[in-house]
There are 2 protein chains.
Amino acid sequence: MSDSPNPPTSADVARLAGVSRATVSYVLNNAEAVRISEPTRRRVREAAEELGYVPHAAARSLRAGHTRIVLLPTSHVPAGPLYSNFLNELQWALRRRDYTVVQYGSLGLGGDEAARAWAELRPVAVISLGETALSPQNVATLKRAGARAVITMGPDTVPGAHALVMDQAEVGARAAAHLVERGRRRIGVVVPREDGLELFSAPRLAGAESVAGTEVVRALPMAYTEESAAALAARWGELGLDGVFAYNDEYAMLLMRALQDAGVRIPGEAAVIGADDLLIGRLLRPRLSTVRIEMPTGERLAGLVDAAVRDPSEITERYDLMAAVAVPRDSTPS
Amino acid sequence: MSDSPNPPTSADVARLAGVSRATVSYVLNNAEAVRISEPTRRRVREAAEELGYVPHAAARSLRAGHTRIVLLPTSHVPAGPLYSNFLNELQWALRRRDYTVVQYGSLGLGGDEAARAWAELRPVAVISLGETALSPQNVATLKRAGARAVITMGPDTVPGAHALVMDQAEVGARAAAHLVERGRRRIGVVVPREDGLELFSAPRLAGAESVAGTEVVRALPMAYTEESAAALAARWGELGLDGVFAYNDEYAMLLMRALQDAGVRIPGEAAVIGADDLLIGRLLRPRLSTVRIEMPTGERLAGLVDAAVRDPSEITERYDLMAAVAVPRDSTPS
DNA sequence: TTGAAAGCGGTACCAA
DNA sequence: TTGGTACCGCTTTCAA
């Protein structure tokens with residue numbers, strides 16, 4: 001384990017192989033425009049191998065004038081298989097297209113600070129997942145720094161950015177409509193007490209409120225703990241509700257269990273529907289109805305990013321990508 | 001939204017402010033060694049502001065000869081609040097220490113490819129979360145590329161790297177011991193069929209096998225689907241087991257439900273214990289016993305990284321960081 | 001077929 | 001107090 005003072009550079013490789021740095025570059029990048037003799041190629045390759053040479057990405061992109069970095073700011077990493085599968089897919093699809101995906105944690109940074117920090121990396125594209133609100137100025141900063149595509153995925157459109165609109169309101173609307181179809185008119189909507197979920201939960205609530213045919217739509221704050229669920233369940237009688245949409249399947253399960261423990265019959269006294277179609281929703285009895293969300297595939301999004309980078313003017317400003325569909329199970333009988 | 005052709009450089013700022021590039025650098029970096037007059041400072045600041053100047057990270061680190069990048073390779077992002085909380089904590093703690101945390105997705109890259117790709121970024125530290133096995137050569141590559149700390153968090157020690165040993169075997173051992181204490185001697189261990197979990201599941205199985213007092217310890221492959229769980233449950237009688245440790249709480253819940261549906265009494269005919277102490281484990285009845293894992297805090301790990309970067313020789317080679325403790329609930333009665 | 005050299009953007013030494 | 005300039009590692013044009 002020799003602790004060499006400095007990483008080997010292409011000059012070191014050149015020296016060892018007895019050629020110039022130019023030749024090293026040609027060989028290692030398989031330059032088509034130039035013909036290098038086979039013996040020379042071998043000497044260079046062996047020298048690079050021997051030294052354990054790895055090119056310096058910063059130097060390379062400095063020279064090139066641009067990077068292939070796609071920046072994925074992540075302030076809060078939302079747990080959940082839905083999201084993490086999507087992320088894995090996206091990464092893989094972008095890598096296939098020869099982009100370097102960099103997740104940049106911006107926890108605790110303000111919008112302006114964050115945008116500047118991202119811009120320093122000179123990413124060719126930025127995909128904001130909607131956890132971090134992006135202002136038009138932020139978009140401008142990024143574009144000035146060479147970003148050819150700034151893509152937001154969230155409820156809103158941001159001026160100057162390509163928007164992949166995933167309006168979570170749709171989820172709430174589908175859930176409430178599902179309950180109304182089944183004769184429930186007095187609906188509770190569980191809203192997580194936890195921070196960092198407002199961007200999802202607020203539109204879901206609003207979506208539920210927008211549905212016709214309800215008598216009451218009432219927000220029910222609840223934390224992701226047994227105690228909080230039990231407290232809410234204890235108040236169920238006095239709330240006078242007959243159905244509840246629970247933000248997602250985990251909150252739904254938690255509440256459903258608490259209601260059962262409090263002696264509330266499901267679905268008789270309370271129809272329950274969650275969202276995200278998690279497997280755990282099928283474990284309790286009755287089986288939990290849910291709203292399944294069709295995320296765009298990582299492949300599709302990667303294609304969009306690539307197109308935007310190649311020609312920013314070509315892709316349209318706004319795509320509506322989200323589809324949501326109610327999956328009826330036993331917790332909301334017809 | 002003027003689409004300026006090129007991002008502004010410090011030279012642009014210098015020109016607009018009527019000073020030299022050197023002065024710009026001094027002002028914007030608050031250089032202590034040099035005294036710049038207040039009026040000049042203002043002119044430079046205003047010029048930078050007006051142009052929306054953002055320094056080029058690559059150029060800066062090229063000149064500096066090193067970066068402040070801490071690389072977090074993520075091949076599989078394991079879902080789960082345990083992991084994602086830890087990640088958030090770690091990012092936050094490292095940022096406070098002025099590091100740039102970069103999560104680099106290496107999905108579908110081999111060990112050598114991956115190590116080279118990471119090395120190109122010249123990170124000052126690499127934290128491998130154990131999803132990706134790291135060879136001694138890989139460590140050497142990274143160190144040659146300037147990494148002052150390579151930290152692995154996983155079951156094994158890798159020569160040349162600092163190891164934060166989190167031996168998952170401990171988890172399996174605790175689970176099996178817990179079952180043995182409760183009189184179960186014929187133990188099944190659910191092993192996920194899903195890829196990417198071997199690094200966790202294999203040691204957990206091995207740990208269970210290492211416990212004294214068992215008659216049989218049998219691996220039970222199972223996928224994370226209802227069908228797979230049902231198939232396993234249907235065979236329960238012929239397996240002749242009286243206890244099962246199920247990799248984690250999600251697999252445990254799935255299997256427990258399948259067993260109940262197949263008419264197997266829990267815990268009478270089958271005691272069940274999971275791992276990770278997820279909240280959902282408390283929803284089914286009987287409540288699921290589990291093995292809680294004490295992860296190191298992000299703050300602690302960040303401190304270790306920082307110490308290793310400042311003086312690589314100073315921190316010792318190996319820390320044992322993992323603690324696991326059985327949490328008895330109703331699925332494993334005494 | 002190969003080499004010399006300029007230049008990407010920023011920093012820091014030395015001189016003025 | 002400020003400016004000129006060399007240099008970090010790599011690519012690429014032009015010449016040999």
Side-chain angles (χ1 to χ4, degrees), chain A residues 4-44 47-48 51-68 116 119-122 124 144-146, chain B residues 4-44 47-48 51-68 116 119-122 124 144-146:
Chain A
S4 31
N6 294 323
T9 71
S10 75
D12 296 323
V13 177
R15 205 170 305 120
L16 182 57
V19 299
S20 75
R21 289 159 58 208
T23 306
V24 171
S25 177
Y26 292 142
V27 170
L28 296 183
N29 294 309
N30 296 310
E32 310 270 332
V34 203
R35 312 226 63 82
I36 307 277
S37 70
E38 200 46 53
T40 305
R41 303 183 93 88
R42 259 200 324 112
R43 286 219 315 286
V44 171
L51 294 175
Y53 169 72
V54 174
H56 192 307
R60 175 179 282 170
S61 65
L62 184 57
R63 171 65 226 232
H66 59 260
T67 69
R68 296 279 292 173
R116 293 177 65 89
E120 291 192 0
L121 298 181
R122 296 290 190 273
V124 70
R144 237 193 330 257
Chain B
S4 30
N6 294 320
T9 71
S10 75
D12 296 324
V13 177
R15 206 169 305 122
L16 182 57
V19 298
S20 73
R21 293 192 313 149
T23 306
V24 171
S25 176
Y26 293 142
V27 171
L28 297 183
N29 293 307
N30 295 311
E32 310 270 331
V34 196
R35 313 231 64 85
I36 306 277
S37 72
E38 201 44 56
T40 305
R41 305 183 92 89
R42 259 196 329 109
R43 287 218 314 286
V44 170
L51 294 175
Y53 170 72
V54 175
H56 193 308
R60 175 180 281 167
S61 66
L62 182 58
R63 172 64 227 232
H66 60 258
T67 70
R68 295 280 291 174
R116 293 176 64 89
E120 290 191 359
L121 299 181
R122 297 290 190 273
V124 69
R144 237 192 331 257

**OP:** For atom CD of Glu32(B), decide whether the heavy atoms of other residues, nucleotides or ligands shown that lie under 6.0 angstrom number more than 12.
**Re:** no
Between [options], which nucleotide has the shortest distance from any of its atoms to the side chain of [X]?
X	options	result
Arg21(A)	dA6(C), dG10(C), dT2(D)	dA6(C)
Ala59(B)	dG3(C), dT1(D), dG9(C)	dG9(C)
Thr9(A)	dC10(D), dT2(C), dG3(D)	dC10(D)
Tyr26(B)	dC14(C), dG9(C), dG7(C)	dC14(C)
Val19(B)	dG9(C), dA6(C), dG3(D)	dG3(D)
Arg60(B)	dG3(C), dG3(D), dT11(C)	dT11(C)
Ile36(A)	dT2(C), dC10(D), dC7(D)	dT2(C)

At under 4.0 Å, does any side-chain N or O of [X] touch on OP1 or OP2 of [N]?
X	N	answer
Tyr53(A)	dC10(D)	yes
Ser25(A)	dT11(D)	yes
Ser10(A)	dC10(D)	yes
Ser20(A)	dG3(C)	yes
Ser37(B)	dT2(D)	yes

**OP:** Remember a base hit wins even if backbone is also touched, and classify Thr40(A) as base, sugar-phosphate or nothing at under 4.0 Å, heavy atoms.
**Re:**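 It contacts sugar-phosphate atoms only.
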Original post:
Contact class for Val24(B) vs. all strands (heavy atom < 4.0 Å): base, sugar-phosphate, or nothing?
Top reply: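 The residue Val24(B) makes no contact with any strand.
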Original post:
For Tyr26(A), does its backbone N or O pair with a side-chain atom of Asn29(A) as donor and acceptor, under 3.5 Å?
Top reply: no
Original post:
For the pair made of CG in Leu62(B) and C1' in dG10(C), what is the distance, rounded to whole Å?
Top reply: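 So the CG-C1' distance, Leu62(B) to dG10(C), works out to 9 Å.
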Original post:
Given atom CZ of Arg15(A) and atom P of dT2(C), what is their separation to the nearest angstrom?
Top reply: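 Checked: the CZ to P distance equals 19 Å.
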